[in-house]
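A, B, ... follow the sequence lines: proteins, then strands. Residue 1 opens every chain.
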Protein chains: 2
Amino acid sequence: MFTQAGYVGKSKLDFPEFGVARGTPWRSVEGTGREQGPELGAASEPRCRGRAGGAACGVLQTKRAGEMLFSQGDRADGAYEVVRGMLRLYKMLPDGRRQITGFVSTGELVGVTPNGARPYTAEAVTDLVLCRFPPAAFDRMIDEQPGFARRLLSATADDLDAAQEQMLLLGRMTAVEKVVSFLLVLAKRQGGVLARFVDLPMGRNDIADYLGLTIETVSRTLSRLKQAGSIGLPTPTRVEIRDIRRLEMLAHDGAAAAA
Amino acid sequence: MFTQAGYVGKSKLDFPEFGVARGTPWRSVEGTGREQGPELGAASEPRCRGRAGGAACGVLQTKRAGEMLFSQGDRADGAYEVVRGMLRLYKMLPDGRRQITGFVSTGELVGVTPNGARPYTAEAVTDLVLCRFPPAAFDRMIDEQPGFARRLLSATADDLDAAQEQMLLLGRMTAVEKVVSFLLVLAKRQGGVLARFVDLPMGRNDIADYLGLTIETVSRTLSRLKQAGSIGLPTPTRVEIRDIRRLEMLAHDGAAAAA
DNA sequence: CGTCCGATTGATGCGGGTCAAATTGGGTGG
DNA sequence: CCACCCAATTTGACCCGCATCAATCGGACG
């Protein structure tokens, strides 16, 4: 009944005629002209597989951790698929307060609907490999590939649902519930239903700005969960799920700490 | 730069081949079999204008204030256009905490993407007149009407942006900023850029659950704005905008109260 | 070994939640 | 038309969870 989809990530298109061939090696990149991406060896395929009528329509590029992909207010100019790494998307208030609206992981799309201005900023959380699709590519796909539009619509609707789930988290959950929900969503995304270890590629700052908390509260909450035996923290970026049952209780009823 | 789209409402499709003819009178309705809707006199057009290849594909129905249209978890079965009145959409936690994710006003669509289960509950805020579109109607439109899919995608993307804007509000704004932003968004929607009077069709409870606050805080905040001379409250459901300049400052920097 | 940045831990204060009571006003029946 | 009733709103008193401010820790890197 209560799906708890969470909101870590964006559209996963899963349309075989479009997008990067998974695991495809690559070499040259657009933009900065870097010849070699982070962690990836040189290889042979410079272009994404996306095609509209036989012509390749995506181009690979890289970003270093912390670099900006595009900024709130920029004129939108195409979409990106994350080939490797993670993006953060956020909106800011004039005085600097920031709300991260989502993290985009490998295989997911960001920046669809290329009309007008970007409604959020996109930055690299980790080193990134991306594939850019110009707006024209999407238009052609929508007009020419039956089923593509529906797939795109469905992916966007999934994003919308995730955003609404996150609204429930931000508006109505306590700090414990927020942190635990976040961990459980990550655990499910990273390893099916039960992953014993969860990676946190993003720092405490990002987690806080995603959950509507402060760094200190995130840190304290994790520490408390650790000393209660619910989780382990071998390193700050790695969480061990020790008592999944307890965590699932805490996710929707922080008061269950009594049990 | 900071669009402040807010999140009051859902997709506005604006596709001439689809949807209810604005202002069309009507008579018979599906469902409860009521012969006369709230406030609307009897007339002649029982069906919505939406067509796919010439066949009408939408059917009118009504709901009383407080009635449920569909519930979180229900199997999705078609979309609705609000012909008259207002809907609230919400998600709940097991213990009853509620987050309203949006209000749907006249002319807007809700429940697109008819796959699987409804991710939220939809209830009538006011008495309603609706037009229901079965899933098949959408599928036909997508396949047969060029441009329809893109319009639908664009509308959903607008909803997504509004949801993200609301995430910023829920996660990072103070009570004053939340309430003032809400009022300003309503003002813009109801009367272009500057409407002197704003209607609040929903109760304090709905406002609170939409802004991630309690009834008491919403009420207190409105009272404080009133006694500061920024707004007037002729009735609890009607707000007079008295100092738009001040309100716009408060919307993004609650501390501006000092000025 | 020293520096630096992110994470953790501690002390304190406040914004908004909670509980409780008073007030308002819209709708109904006399 | 008026009085009553009830639900929604407003107001008050108090408290708590989380933010804020500040200091310390710890691992990565040169």
Side-chain angles (χ1 to χ4, degrees), chain A residues 65-66 88 93 95-99 125-126 169-180 199-228 231-239 250 253-255 257-258, chain B residues 38 64-66 88 93 95-99 125-127 169-180 182 199-228 231-239 250 253-255 257-258:
Chain A
R88 62 175 161 255
L93 291 171
D95 64 2
R97 281 173 288 174
R98 183 179 73 153
Q99 178 64 46
V125 172
T126 64
L169 179 146
L170 290 169
R172 288 302 180 214
M173 286 190 185
T174 65
V176 190
E177 293 168 336
K178 287 177 176 181
V179 171
V180 172
D199 267 313
L200 305 178
M202 69 295 287
R204 296 291 186 267
N205 234 311
D206 285 349
I207 299 177
D209 282 348
Y210 180 60
L211 299 179
L213 299 170
T214 59
I215 316 181
E216 295 94 326
T217 300
V218 171
S219 183
R220 264 187 262 273
T221 304
L222 286 172
S223 297
R224 235 171 280 136
L225 289 170
K226 176 183 178 181
Q227 97 180 39
I231 64 170
L233 279 171
T235 80
T237 62
R238 196 166 179 73
V239 177
L250 288 174
D253 184 8
Chain B
R64 292 276 169 208
R88 64 175 159 255
L93 291 170
D95 64 3
R97 280 172 289 173
R98 183 179 74 153
Q99 178 65 45
V125 172
T126 65
D127 288 342
L169 180 147
L170 289 170
R172 288 301 181 215
M173 285 191 186
T174 65
V176 190
E177 293 168 337
K178 287 176 177 182
V179 171
V180 172
F182 177 68
D199 268 312
L200 305 177
M202 68 296 286
R204 297 290 186 268
N205 233 311
D206 285 349
I207 299 177
D209 282 350
Y210 180 61
L211 300 178
L213 299 170
T214 59
I215 316 180
E216 295 93 327
T217 299
V218 171
S219 182
R220 264 188 264 273
T221 305
L222 287 172
S223 297
R224 234 171 280 137
L225 289 171
K226 176 184 177 180
Q227 98 179 40
I231 64 170
L233 278 171
T235 79
T237 62
R238 195 164 179 76
V239 177
L250 289 173
D253 184 8

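Partners of A:Arg172 according to the salt bridge (Lys or Arg N to Asp or Glu O under 4.0 Å) rule, which considers only residues two or more places apart in sequence or in another chain, are B:Asp209.
Looking at the side chain of A:Thr174, the nearest of the listed nucleotides D:dT9, C:dT8, D:dC18 is D:dC18.
As a whole-Å value, the separation of A:Leu200 CG from C:dG6 C1' is 14 Å. In this structure, A:Ile215 atom CD1 and D:dC21 atom P are separated by 13 Å, rounded to whole Å. Look at CG on A:Asp95: it is 15 Å from C1' on D:dA19, rounded to the nearest Å. For the pair A:Lys226 NZ and C:dT9 C1', the computed distance is 13 Å after rounding to whole Å. The nearest whole Å value for the distance from the CZ atom in A:Arg97 to the P atom in D:dT20 is 9 Å.
Across every non-hydrogen atom of A:Lys178 and A:Leu170, the tightest pair is NZ-O, 3.8 Å. The heavy-atom pair separating A:Val176 from A:Thr221 by the smallest distance is CA-CG2, 3.9 Å. Nearest approach of B:Ala208 to B:Thr214, heavy atoms of both residues: CB-C, 3.5 Å. Residues B:Met202 and B:Val125 approach most closely at CA-CG1, 3.8 Å, considering heavy atoms.
In this structure a side-chain-to-backbone donor-acceptor pair under 3.5 Å is present from B:Asp127 to B:Ala65.
Toward the 5′ end of DNA chain C lies the nearest nucleotide of B:Lys178, the other residue of the pair B:Lys178 and B:Thr235 mapping further downstream.
Evaluated for a side-chain contact (heavy atoms from CB on, under 4.5 Å) with B:Leu211, the options B:Thr217, B:Val179, B:Asp206 yield exactly one hit, B:Val179.
Taken over five-pair windows at either terminus, the axes of the helix from C:dC1-D:dG30 to C:dG30-D:dC1 are inclined to one another by 40° (rounded to 10 degrees).
Between the CZ atom of B:Phe182 and the CG atom of B:Leu213 there is a distance of 11.0 Å, given to the nearest 0.5 Å.
A heavy-atom distance below 4.0 Å to DNA chain C is reached by these residues of residues 216-224 of chain B, ordered by number: B:Glu216, B:Thr217, B:Arg220.
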